[in-house]
Amino acid sequence: MTITPDTARTAPAPKGTGSLVASDGARYARIWGVGGYRPERVVPNSELVERIDSSDEWIRERSGIVSRRYAAAEETVVDMSEAATRQALEAAGINASQLGAIVIATVTHPYQTPAAAPILANRLGVTCAAFDISAACAGYCHGISLANDMIRGGSAEYVLVVGVEKLSDFTDWDDRGTAFIFGDGAGAAVIGPSDTPGIGPTIWGSDGAQWQAIMQREPWTDYRRPQVGEGPFDKTVQPRNWPAIGMAGQSVFRWAVWGMAPVAQQAIDKAGISIDDLDAFIPHQANMRIIDAMIKQLKLPADIPVARDIAETANTSAASIPLATERMLRQKEIPSGGLALQIGFGAGLVYAAQVVVIP
Ligand code: UT7
């Protein structure tokens with residue numbers, strides 16, 4: 001390469017000798033409290049089967065789903081987040097004013113911008129950092145990892161992580177592969193400082209080659225929008241197709257069954273424990289058969305409680321793990337202070353797993 005006069009220019013000398021102050025956080029972090037919100041309306045399989053030529057029996061057998069909850073028409077992702085958050089704050093015994101950051105994991109907040117998190121912050125009367133993340137059914141476990149790092153790195157003392165979905169807004173009632181799968185709800189966790197490790201190393205990753213396996217079928221831009229030089233936006237024009245979420249069920253099923261048990265095993269190994277040390281297994285609630293296959297592959301001892309929230313909650317994507325955790329704690333199935341293995345996986349395809357101390 002020829003050295004031009006421009007690149008050869010000598011860099012200016014540094015201005016001062018002072019060193020930057022780096023943030024310094026807590027030694028460790030743990031989950032302090034969880035909360036959950038399940039919308040009032042219970043929707044049994046029988047309400048959905050006619051349009052997709054299915055049956056209650058088929059849905060139960062193939063997915064384990066018996067019923068799901070749907071949010072009311074006017075009920076939003078932020079409303080559900082707020083309900084779950086208030087419970088989580090109470091369980092953690094802290095005030096919203098102590099939060100240093102709010103992270104909402106969701107793929108169904110129906111606004112490209114602003115994010116749901118600052119609206120939730122405003123509802124809680126706080127002005128801390130607030131942003132959303134998009135990691136689909138793995139969103140909550142991504143959020144737990146971020147919260148752990150933020151607390152240990154000193155960016156926040158307490159972090160709120162919410163997993164929330166209103167999937168009923170993005171469900172195609174005529175799609176046999178998805179119409180019965182999804183549900184609505186919110187789960188929240190408050191993460192704070194700890195003297196001992198409360199969140200093990202996260203094993204996470206992506207398989208973007210399969211990005212089409214679960215996806216919003218139409219981009220938002222398929223709404224008719226004015227081109228440069230055209231007149232104002234025509235608000236009467238409807239989108240060509242509602243951007244419902246579609247899924248190549250069998251491919252995702254295979255990926256989850258064969259790919260996710262090794263990820264879960266790595267999370268156990270990296271946490272420095274063995275499978276017998278677990279007090280709970282809380283996988284993403286995607287399909288009861290996937291849960292059973294993972295139990296088998298992990299050789300999970302029979303006496304370890306497993307989340308089977310899918311039966312009555314269906315697949316609530318980012319909300320499924322915190323919702324299942326909240327139920328298991330409430331029903332006293334799992335011990336406070338015990339160890340839970342949690343793993344989320346979904347659209348992207350993306351995944352994240354870690355062992356956590358049960359609040
Ligand atoms: O949350 C993110 C991650 N998501 C997942 O992990 C979901 C993974 N996928 C699944 O859970 C499953 O693929 C489904 C539950 C969605 C579907 O179950 P499946 O066992 O994979 O069904 P399939 O698509 O292989 O279909 C099996 C049979 C077919 O009939 P034939 O060809 O064997 O005669 C389908 O036509 O079942 C039929 N079928 C249905 N029958 C009644 C497909 N959908 C339905 C339906 N009702 N809704």
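This is a predicted model, so every value here is computed, not measured. Remember, it's 1-based here, ligands and their atoms both numbered in the order they're listed.
Contacts classified as salt bridge (charged side-chain N to carboxylate O under 4.0 Å, His left out) and involving residues 112-133 (residues at least two apart or in different chains) are given here: D79-R123, E82-R123.
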Check: every ligand 1 N/O to protein N/O pair under 3.5 Å:
from     : atom 1 : to   : atom 2 : distance (Å)
ligand 1 : 1 (O)  : H284 : NE2    : 2.8
ligand 1 : 1 (O)  : N315 : ND2    : 2.7
ligand 1 : 9 (N)  : G249 : O      : 3.1
ligand 1 : 11 (O) : N287 : ND2    : 2.7
ligand 1 : 13 (O) : G249 : O      : 3.2
ligand 1 : 20 (O) : R62  : NE     : 3.0
ligand 1 : 20 (O) : R62  : NH2    : 2.7
ligand 1 : 20 (O) : R289 : NH2    : 2.8
ligand 1 : 25 (O) : Q250 : NE2    : 2.5
ligand 1 : 36 (O) : R176 : NH1    : 3.4
ligand 1 : 37 (O) : W58  : NE1    : 3.4
ligand 1 : 41 (N) : W58  : NE1    : 3.4
ligand 1 : 41 (N) : R176 : NH2    : 3.4
ligand 1 : 47 (N) : S54  : OG     : 2.5
ligand 1 : 48 (N) : R176 : O      : 3.0

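The backbone N or O of R62 sits less than 3.5 Å from a side-chain atom of R289, completing a donor-acceptor pair. A side-chain donor-acceptor contact under 3.5 Å links R176 to the backbone of D53.
Partners of Y351 according to the ring-ring contact (aromatic ring centres under 6.0 Å, His included) rule, which considers only residues two or more places apart in sequence or in another chain, do not exist here.
Connectivity analysis of hydrophobic side chains (ILVMFWY, heavy atoms under 4.5 Å, direct or indirect) links W211 to M215.
For the pair R51 and D174, the salt-bridge criterion is met [side-chain N within less than 4.0 Å of a carboxylate O].
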